[in-house]
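Single-structure report; data block below.
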Amino acid sequence: MKEKLISNISQCLANLEYPSIEVGIQRPKSPEHGDFASNIALILAKPLGKNPREIAEAIKSELQNSFNDNFESIDIAGPGFINFKLKKSVLSDLLLNILSQDSNYGKSSIGNNKRALVEFVSANPTGPLTVGHGRGAMLGDTVSNILEWNGYDVQREYYFNNAGRQMRVLGQSVHARYLELLGEKAELPEGGYEGKYIYDIAQKVIDEHNNSLVENSEDPIFKNAAEFHIFEDIKSTLSRLGLVFDTFFNENTLYENGEITNVVETLREKKLAYDKEGATWFAGTTVGREVDRVLIKSTGEPTYRLPDIAYHKDKFSRGYDLMVDVFGADHMDAYPDVMAAIDNLGFDSEKVKVLIHQFVTIMRDGNPVKMSTRKANFVTLDELINEVGADVVRYFFIMRGMNSHLNFDLDLAKDQSDENPVFYLQYAHARVCNIIKRGEAFDHPLNPQCDLSLLDKEIEHQLIQKLSELPEIIERAHSSLEPQTVANYLNELAILFHRYYAQEKVVTDDKALTAARLILVEATRIVFLNGLTIMGISAPERM
RNA sequence: GCCCUCGUAGCUCAGCUGGAUAGAGCAAUUGACUUCUAAUCAAUAGGCCACAGGUUCGAAUCCUGUCGAGGGUACCA
């Protein structure tokens, strides 16, 4: 609808021999301003050197000459806004369109089957997922859904590293608990993992190997057992949230296939890497970065930047058209070097979109909880799901913009879970379903042939108008990659629907009116269901 | 010190890439269940959009500076 209006106006501009500029259309906040509004006359005022209202008049009469069928009215208001009110018949067509597209309503083909890779969570297997990881997880999954709704072929990938110091300490921690459980004296290594789950893993090692490993503190069995069980745990948490990864990418692959050395050599050839003080450096300053950074430490061990570059190169070699990385704010400093390197290796870093979300502050008893996996004073995602349920967890993390520092009040989330805004949406959906059932029970089957012009209440007009917005919302969510757009939209729709429910009764003795209203309700059901599906939240038919 | 992200109602946050009178939810006050489920609705109250300048027809939104919060600034990830 919006596109149609834009093309109509562009046509008029051409007819009037005005300069062709991008036509902006808004949905006015106030219903008094019609269904759509354009500021086009205000923008043209300067280049044309004319009064904006004069221009608006000219456009208005041109529109009425050529496209009058679509409009109930065209008004000029304020400094020169043009307000459009759509004909009832146009609105009816919108409803029928929703019904015929059903579970596809809102999809766009903008992605054109292009391949997208979304990388997120990517927590190393050193402990259970925390509430802190939850935000990235939900953000990544919902962004993936949004891309799919926009016609992308999406792959969800989890990147991890099971080598290095952290994992070694983890193995040693398991060994220490192993000894302890066997009654031996043992202490956690310096900086060891204190979580209770380490005991669980140690117990599993005992179950399998008895006390045969007492002497051998560096036996890889400890590290491997830890990695295996922790990954199982992580996957089970993710699946409770409805999240399934297509691929797990082990950083080690990049060493095995030689890409790490390959990248360094290529960078050297391009004079972007050099040796100094026993280490290998990335010459960031020659490509506009602030300082040069170390790629390989003097110990011979690479820093995270190097595998990250190789990893992105690997992504490019797999032929994706769009790559989305989801990081926490602590990685803020990591990616610009990586992007600079990627560009200079001959790839187009524009294809990589980095989404940075701010941290979640957990509030317990009114105080912020400092989280550390190693110290084990975290709140796990699993615990949170137990307390409030997967739907609430999902919604909580995507209802806010990723740039806002999210305050998660645990006590509030637990105690007041009944008042969580997600129930507001789900309840609206359940109501919708119930009305349709009610209609069927009283012999009012859905009939798209009915007389939709009977939907003449102001609130019905607003509702239809809102329903027609879904495709725009989904496209906007795609261009901004901001899931909360969808959450906010559904919330607005729920407000309108609940108001409608309170004002007007749908199923009555008036056959014709009931039929028309049922079509409106059915369209509402479709939009709620599709919106909740994008967010990965269940849409119960009863509550 | 420097670099990011932010500062909007008492609290938690929206605000559609610059539009018309800044919006929700909690919390407060007051009404509405013989009803298509009250997990809801209606109403009242609550604001110098941190502060000061600038850009223009028009700024919560863009630019500069100040103050405040969080994060980063390692041969840690």
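Side chains are part of it too, since the values below use all heavy atoms of this structure and drop only hydrogens, waters and symmetry mates. All figures in this text were calculated on a predicted structure; none of them were measured in a lab. Note on naming: letters A, B, ... go to the chains in the order of the sequence lines (proteins, then strands), and numbering restarts at 1 for each one.
- In the set B:rA77, B:rA24, B:rA20, the nucleotide with an atom closest to the side chain of A:Ile495 is B:rA24.
- Taking side-chain N and O atoms only, A:Gln26 has no distance below 4.0 Å to OP1 or OP2 of B:rG18.
- No engagement by A:Ala45 is indicated, since no non-hydrogen atom pair under 4.0 Å with the nucleic acid exists.
- In this structure, A:Leu406 reaches the sugar-phosphate backbone alone: every heavy-atom distance under 4.0 Å involves primed, P, OP1 or OP2 atoms, never a base.
- Note on A:Asn488: only backbone sugar-phosphate atoms sit closer than 4.0 angstrom, heavy atoms only; bases stay farther off.
- Checked against B:rA24, B:rA20, B:rA38, the side chain of A:Asn491 finds its nearest nucleotide in B:rA24.
- You'll find that the side chain of A:Leu42 is closest to B:rG19, out of B:rG19, B:rC75, B:rU21.
- Where A:Glu469 and A:Gln166 each meet RNA chain B at their nearest nucleotide, the meeting point lying more 5' is that of A:Glu469.
- Between A:Phe249 and A:Tyr158, the distance separating the two ring centers is not shorter than 6.0 angstrom.
- Contacts of A:Arg542 with the nucleic acid, taken as non-hydrogen atoms under 4.0 Å apart, include base atoms.
- Side chain to side chain, A:Glu157 and A:Tyr311 meet the donor-acceptor criterion of an N or O pair below 3.5 Å.
- Side-chain proximity of A:Lys297 to B:rU12, B:rA77, B:rC76: nearest is B:rC76.
- Checking A:Met543 against A:Thr303, the closest nucleotide of RNA chain B that is more toward the 5' end is the one next to A:Met543.
- Ion pairing between a basic and an acidic side chain is recognised when a charged N comes within 4.0 Å of a carboxylate O; A:Asp75 and A:Lys60 show no such pairing.
- A donor-acceptor contact under 3.5 Å is formed by the side chain of A:Asn83 with the base of B:rA20.
- Contact between A:Gln465 and A:Asp35 at its shortest, heavy atoms only, is NE2-O, 2.9 Å.
- Closest to the A:Ala329 side chain, of the nucleotides B:rA77, B:rG71, B:rA20, is B:rG71.
- The residue A:Glu504 sits close to a base: some heavy atom pair falls under 4.0 Å.
- With distances taken from any side-chain atom of A:Met332 to the nucleotides B:rC75, B:rC13, B:rC4, the minimum falls on B:rC4.
- Nucleic acid contact for A:Tyr501: base, since at least one base atom lies under 4.0 Å from a heavy atom of the residue.
- A donor N or O paired with an acceptor N or O is not found under 3.5 Å between the base of B:rC16 and the side-chain atoms of A:Arg27.
- Across A:Val118, A:Val352, A:Ile342, A:Val354, a single residue satisfies side chain to side chain contact (heavy atoms under 4.5 Å, CB included) together with A:Met323, and that is A:Val352.
- Across all strands shown, A:Arg499 has heavy atoms under 4.0 Å from sugar-phosphate atoms exclusively, and none from any base.
- Between A:Lys29 and B:rG19, a side-chain N or O to OP1/OP2 separation shorter than 4.0 Å is absent.
- For A:Asp330 and B:rG71, a side-chain-to-base donor-acceptor distance below 3.5 Å is absent, hydrogens and geometry of angles not being considered.
- Across B:rC41, B:rA39, B:rU5, the shortest atom-to-atom separation from the side chain of A:Tyr424 is found for B:rC41.
- Here A:Gln503 lies out of heavy-atom contact (under 4.0 Å) with every strand.
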